[in-house]
K.L.:
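This structure is in structure tokens; I'll ask about it shortly.
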There are 4 protein chains.
Amino acid sequence: MTSSAEPVSRAERKKLELRREIIDAAFDCFAERGYHATGIADVATRLGIGHGTFYRYFQNKRDIVDHVVDELVARITGALTAENAPDAVSTLAEYREQSARIGESLARIFGEDPRVPRLLLFEAPGIDRAMAERILDLFDLAAALTAAYLSHGVELGYLRADLDVDNTARAINGMILGSAITSLRTPEDQRALSEAVRRVMYDGIAS
Amino acid sequence: MTSSAEPVSRAERKKLELRREIIDAAFDCFAERGYHATGIADVATRLGIGHGTFYRYFQNKRDIVDHVVDELVARITGALTAENAPDAVSTLAEYREQSARIGESLARIFGEDPRVPRLLLFEAPGIDRAMAERILDLFDLAAALTAAYLSHGVELGYLRADLDVDNTARAINGMILGSAITSLRTPEDQRALSEAVRRVMYDGIAS
Amino acid sequence: MTSSAEPVSRAERKKLELRREIIDAAFDCFAERGYHATGIADVATRLGIGHGTFYRYFQNKRDIVDHVVDELVARITGALTAENAPDAVSTLAEYREQSARIGESLARIFGEDPRVPRLLLFEAPGIDRAMAERILDLFDLAAALTAAYLSHGVELGYLRADLDVDNTARAINGMILGSAITSLRTPEDQRALSEAVRRVMYDGIAS
Amino acid sequence: MTSSAEPVSRAERKKLELRREIIDAAFDCFAERGYHATGIADVATRLGIGHGTFYRYFQNKRDIVDHVVDELVARITGALTAENAPDAVSTLAEYREQSARIGESLARIFGEDPRVPRLLLFEAPGIDRAMAERILDLFDLAAALTAAYLSHGVELGYLRADLDVDNTARAINGMILGSAITSLRTPEDQRALSEAVRRVMYDGIAS
DNA sequence: CATGAATGAGGGTTCATTCAT
DNA sequence: AATGAATGAACCCTCATTCAT
């Protein structure tokens, strides 16, 4: 029993496959040369297809970059949410572990391929107002998620009772953002940076 | 006693003035419509000058954005360095005060005019590899400055002896960066965010 | 048995045809209005194509004029060399006949269409140093060919033994050049001029 | 008695002087970079004057090149006519001497400064239809002068009675033209070329 | 009279998009 | 369905010319 039930003929499958390849090729091009410096022809050439074909799969140049970002956003929200529900932890130690896990996850996404932060943080926001809003939405989403974790911790008492949950969430996410940007230049020492972030979070910097 | 000593005739002064106006108008346009969506003609029209005039003051479109960024970078590095030498403090309390001052400064720059973070963080990096590098340079500079403060604190003993100075500096700057981006949407509650950042820094989040 | 063996599909053939038409239209424009006064749009309009189409066939404006000149140079070198090997003659009479033939050929090329000498002698040299060099190369080539003929004649004894072959070749070519320029104003009496050139060559002017 | 009587005040003289300097500077620029590649600003800068000043002395860019050519044409017609009246000679030997003298003169003008033939033959004709006509006029003038010499010779019997005077004149001038162009690449061996021209004229090439 | 700041027409070139094959 | 030839809007930039100082 294959993955039937879905109405995917062989032709349909091929179409989806090519669609995916176009998204990937576009990601490559946009991340390497930049959105504006990339022509539709570049994307098509990289795939060895005619550039007219592109328009059978996507509305226009602006359309594809939305899909490229969709993909990256999905990856990130996946890392932020997958198997990491706020209420799955009940002690500070568990929380530390969980945040280490999330941090690990994000570090992998950003660190493994610097084109990801480059596209998301350096290319996308400059494309468009709409795209900039999308990126801000992503930040807000991440802040909301983090805030949820923090709230949980406050409720359970292992985090400071007077914690400004929302703003602290933003501050923490800022550190993650800083890590992502750092990975643009030095993709290697993500681990140490990640550790430093957690130290600040839990211990502060004072002696 | 004329206005000698200064190397500026009246014509010269007017020229410098126009030059400045062009930079400002370009900043406006780039921040509002984006670098790529802005034509030289737009900048000129906004000033009510002929677009050919633009080219008497700047080499080309790419040239002006460098000057716009120069200006913003100068403002920021000014805020980061002016009257805030690392060795001017010797206790944790003083350090808190100083960082509050710096934070205040930056918050003003970013918060007063959201076009500043928009241009610097959302427009500039997508223009060019070279420009992206400039922005990364700015991050690195800020990280180096912060690291210097931290080092000083470690030496004097009011900061943790085992502080990973460099990475902690990056983490802290990440929080500031996060604040700047937040100010794109909510320019108002910068103060609370700023406070939250400092709380994380000094007290951590744990209860 | 299809039209195989030839590497030209129908589309390919159409492409080459348009390419040729563009070259011809450019020749028309350049010869009539001059290179600098001609815009790419002029060339395109003359053909009834969009001016963007031009750039599918040629790199830029400078590129096409090279191709236009290529064509003319090919026509001329063809006339100078085709079926007119220096060693095909062995008497003065034959030589006269041959030079008459060559002269005839050139006169036809220059005289039939005054746009040819106009473009080659009046437009091209002013375009560029590189193009000027191309024209000088053409002169040198012609001089070398003529010198070869003369050498052959000296060896066989039907030309003066003390002939300064190279410089005489240049002098003779100068007369041809003069004819070409004359044809700019009076395309008709090329024949008489051609005859006068040959008289000078063989008999001199003295009585 | 000096050159008084003329209404030249000192200011007037200075003005004429500058006018001349502008013509010379324009000649330099046009010959070196080409007419189209030369800007009015280039000419002015070379002289160290403001480029607005240019327009106090000449109508426009097209105007100045006419004056530059005027100057060169005057030099050439001077060489062709000065002290060389057609009727000043009465034997073939004298004629040879005279043509040698004229050739010498022209060779000096063209050979001493290759910018002269470059401007006159390579730059000027491509500027304009009107300018091309001027150059053709110069050719015609030279042909007429040469024809006058030849006519005189025919009348006096030292030139062939059946000489096609006009066309032969064109042929001869063509040789001179060829010399001038040759001098663009090899300004040195003008003398030998000049000699070859005269040999062809008087002796033909046949043995 | 000299200057050079200002101007804008003009032209070369790119590239996203369409559509006939 | 795939293709790529054709298209023209759009934009950057130059430079001859004008004119207020």
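Below, chain A is the first sequence line, B the second, and so on; all start at residue 1. As the structure is a prediction and not an experimental result, all values here were calculated from the model.
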K.L.:
Partner of dT21(E) by Watson-Crick or G-U wobble geometry, both contacts under 3.5 Å, or none?
P.N.:
dA2(F)
K.L.:
Quick check on DNA chain E: between A41(C) and K14(B), whose nearest nucleotide comes earlier from the 5' end?
P.N.:
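Of the two residues, K14(B) wins.
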K.L.:
Establish, with yes or no, whether the OP1 or OP2 oxygen of dA6(E) is under 4.0 angstrom from a side-chain nitrogen or oxygen of Y57(B).
P.N.:
yes
K.L.:
Applying a 4.0 Å non-hydrogen cut-off, can you work out what T38(A) is touching in the nucleic acid: base, sugar-phosphate, or nothing?
P.N.:
sugar-phosphate
K.L.:
Just call it for G52(C): base, sugar-phosphate, or nothing, with non-hydrogen atoms closer than 4.0 Å on any strand.
P.N.:
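Answer is base: heavy atoms of G52(C) come under 4.0 Å of a base.
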K.L.:
Partner lookup for dC11(F), please. Criteria are Watson-Crick or G-U wobble with both distances under 3.5 angstrom; report none if nothing qualifies.
P.N.:
dG12(E)
K.L.:
Can you say whether a donor on the side chain of H51(D) sits under 3.5 Å from an acceptor on the base of dA5(E), or the other way round?
P.N.:
yes
K.L.:
Need to verify one output field. Residue with the more 5' nearest nucleotide on DNA chain F, D42(B) or L18(C)?
P.N.:
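The residue closer to the strand's 5' end, by nearest nucleotide, is L18(C).
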K.L.:
Counting side-chain heavy atoms from C-beta on, which of dT14(E), dT17(F), dT7(F) comes nearest to I49(C)?
P.N.:
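When the side chain of I49(C) is considered, dT7(F) is the closest of dT14(E), dT17(F), dT7(F).
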K.L.:
Expressed as a whole number of angstroms, how long is the span from F58(C):CZ to dG12(E):P?
P.N.:
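Result: 15 Å.
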K.L.:
For K61(A) and dA16(E), what is the distance between atoms NZ and P respectively, to the nearest whole Å?
P.N.:
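So the two atoms are 4 Å apart, to the nearest Å.
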K.L.:
Could you check how far NE2 of H36(D) sits from P of dG12(E), rounded to whole Å?
P.N.:
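After rounding, the gap between these two atoms is 12 Å.
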K.L.:
Measure the distance from CD on E21(C) to P on dA6(F) and round it to the nearest whole Å.
P.N.:
11 Å
K.L.:
What's the CZ-C1' distance between R10(C) and dA5(F), to the nearest Å?
P.N.:
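Whole-Å distance recorded here is 13 Å.
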K.L.:
From the set dT7(E), dA2(F), dA6(F), return the single nucleotide nearest to any side-chain atom of T53(A).
P.N.:
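Between dT7(E), dA2(F), dA6(F), the one nearest the side chain of T53(A) would be dA2(F).
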K.L.:
Quick check: do C29(D) and R46(D) have side-chain heavy atoms less than 4.5 Å from each other?
P.N.:
yes
K.L.:
Tell me: CG of L16(B) to P of dA5(E), nearest whole Å?
P.N.:
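Interatomic distance, CG of L16(B) to P of dA5(E): 12 Å.
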K.L.:
Please report the C-alpha distance between E123(A) and M131(A) in whole Å, then the side-chain angles of each, then the deciding distance to 0.1 Å, and finally whether the side-chain contact (heavy atoms from CB on, under 4.5 Å) criterion is met.
P.N.:
CA-CA 10 Å; E123(A) 284 299 325; M131(A) 183 58 85; over 6 Å; no
K.L.:
When the nearest nucleotide of DNA chain E is assigned to G39(A) and to F54(D) on a heavy-atom basis, which residue is associated with the more 5' position?
P.N.:
F54(D)
K.L.:
Does K61(A) make a cation-pi contact with Y35(A) (under 6.0 Å, within 45 degrees of the axis)?
P.N.:
yes
K.L.:
Heavy atoms from C-beta onward define the side chain here; which of dT3(E), dA10(F), dA6(F) lies closest to that of R56(D)?
P.N.:
dT3(E)
K.L.:
Just to confirm, is there a sub-4.0 Å distance from OP1 or OP2 of dA5(F) to any side-chain nitrogen or oxygen of K15(C)?
P.N.:
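For K15(C), the contact criterion (side-chain N or O under 4.0 Å from OP1 or OP2 of dA5(F)) is met.
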K.L.:
With a 4.5 Å limit on heavy-atom distance, are the side chains of F54(B) and L47(B) in contact?
P.N.:
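They are not in side-chain contact.
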K.L.:
Could you check which of dC12(F), dA2(E), dA2(F) has an atom nearest any side-chain atom of I40(B)?
P.N.:
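Of dC12(F), dA2(E), dA2(F), dC12(F) is nearest to the side chain of I40(B).
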K.L.:
State, yes or no, whether a side-chain contact exists between I23(B) and F58(B) at a heavy-atom distance under 4.5 Å.
P.N.:
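Sidechains of F58(B) and I23(B): in contact.
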